[in-house]
J.: 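One structure, as structure tokens, below. Some questions next.
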2 protein chains.
Amino acid sequence: MSQPNTQESCQAEHTSACTVREVLDRVGGKWSIGIIIAASDGPVRFTELERSIEGISRRMLTLTLRHLERDGLLTRTVFPTVPPRVEYVATEMARELYESLVSLTGWAQRHREAIAAARDAYDRERGLAG
Amino acid sequence: MSQPNTQESCQAEHTSACTVREVLDRVGGKWSIGIIIAASDGPVRFTELERSIEGISRRMLTLTLRHLERDGLLTRTVFPTVPPRVEYVATEMARELYESLVSLTGWAQRHREAIAAARDAYDRERGLAG
DNA sequence: CCGTATCCCAGCAGATACTG
DNA sequence: CAGTATCTGCTGGGATACGG
């Protein structure tokens, strides 16, 4: 959720590294992806999200929702009823983003074991000898 | 660079959100992507990286290199010469990862203005009235 | 129901100095 | 050259309590 240093440090020429980081700065937060997914199938209410996300605190839910809304990834709709009713839904832009992100899952699944093995090896070398 | 809460909170059923987060936990750090790219075209030395990355500190360079090496994304080769010579090169796995990440640049470029506009609108509403 | 406010901490990250 | 050590600040994020 750190939105600082993106624009100023990306001076056009630095290739795509900066562009990738721009995206990561927006959805790299711990809960962003989960929320986008949950709000991709249609409007969801605050409390629904709170229950379905599992482990998220009220505070982080609100904060992340605000960030995503600010970036135009989520649309917030308030129904002036009592008790209040607020619905969030992923924008088209957000759904496209998620599609792009999903290509990462293929990579993750293909290499999950290799990563674990690398870690094991690394930790053994550093753990015993060094 | 936060590698905690990935495995324990991903209990199989939670869809791809967790998988995406696994990747993000490994490569979401501020400098990871830049380093992977720099080490994708062939071996690079420590000081080369330090100069080409622009803005990175010695400390963060070392830390990020260690993380990436631990996850099997970078290969570290030490030449026992004097002065010492250490080379880093992206593994095949890392290059594949980067290919996947590049699909994000398309999204970012298509929506960069929309995001900026959304932010402007959001900030205006909150800044003046609210 | 849908938040905000406050306190607090861990971990990322910068600056600087020292070493094999 | 290629790091490590130390000190410090900042912010993401958890816990809890309160408010419209």
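All of these numbers come straight from a predicted model, not from anything done at the bench. First the proteins, then the strands, lettered A, B, ... as listed; each starts at 1.
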J.: Whole angstrom is fine here: how far is it from CE in M60(B) over to C1' in dC7(D)?
T.: 16 Å
J.: Could you state the CG-P distance from L63(A) to dT6(C), rounded to the nearest angstrom?
T.: 14 Å
J.: Would you say that L101(A) contacts I36(A) through its side chain, given a criterion of any heavy-atom pair below 4.5 Å between the two side chains?
T.: no
J.: R119(B) versus D71(A): any side-chain heavy-atom pair under 4.5 Å?
T.: yes
J.: List the protein contact pattern of nucleotides 15-20 of chain C with one symbol per nucleotide (5' to 3'): B for base contact, S for sugar-phosphate-only contact, - for none; contact means a heavy-atom distance under 4.0 Å.
T.: B----B
J.: Whole-Å distance between dG12(D) C1' and L61(A) CG?
T.: 15 Å
J.: Could you check whether any side-chain heavy atom of S32(A) comes within less than 4.5 Å of a side-chain heavy atom of L68(A), counting everything from C-beta outward?
T.: yes
J.: Test of understanding: with salt bridge (charged side-chain N to carboxylate O under 4.0 Å, His left out), list the residues that count as partners of E96(A), not counting sequence neighbours.
T.: R110(B)
J.: Quick check on dG3(C): is either OP1 or OP2 less than 4.0 Å from any side-chain nitrogen or oxygen of Y88(A)?
T.: yes
J.: Report yes if the side chains of E22(A) and I115(B) come closer than 4.5 Å at any heavy-atom pair, otherwise no.
T.: no
J.: Rounded to whole Å, please give me the gap between NE2 in H67(A) and C1' in dG12(D).
T.: 9 Å
J.: Enumerate the residue pairs fulfilling side-chain hydrogen bond (donor to acceptor under 3.5 Å, both in side chains) with a member in residues 72-83 of chain B, sequence neighbours excluded, ordered by first and then second residue.
T.: R76(B)-Y88(B)
J.: Kindly write out the residues that satisfy side chain to side chain contact (heavy atoms under 4.5 Å, CB included) with A90(A), not counting sequence neighbours, or none if the list is empty.
T.: A39(A), S40(A), L74(A), A94(A), R95(A)
J.: For DNA chain C, find the residues of residues 34-49 of chain A with a heavy-atom distance under 4.0 Å and give them by number; none if there aren't any.
T.: R45(A), F46(A), T47(A)
J.: Without decimals, in angstroms, what is the distance between R51(B) CZ and dC1(D) C1'?
T.: 10 Å
J.: For P83(A) and for T62(A), locate the closest nucleotide of DNA chain C by heavy-atom distance; then report the residue assigned to the nucleotide nearer the 5' terminus.
T.: P83(A)
J.: Of all residues at least two apart in sequence or in a different chain, which pass the salt bridge (charged side-chain N to carboxylate O under 4.0 Å, His left out) check with R58(B)?
T.: E50(B)
J.: What is the distance, rounded to the nearest whole Å, between atom CZ of R85(B) and atom P of dA2(D)?
T.: 8 Å
J.: Whole angstroms only, please: what is the CG-C1' distance between L24(B) and dG12(D)?
T.: 15 Å
J.: Closest approach to the side chain of R66(B), judged atom by atom: which nucleotide of dC2(C), dT4(D), dG14(C) is it?
T.: dT4(D)
J.: Do R66(A) and Y122(B) have side chains that get closer than 4.5 Å, going by heavy atoms?
T.: yes
J.: Could you tell me the separation between the CD atom of E69(A) and the C1' atom of dC2(C), rounded to a whole number of Å?
T.: 14 Å
J.: Map L65(B) and I56(A) onto DNA chain D by nearest heavy atom, then report which one ends up closer to the 5' terminus.
T.: L65(B)
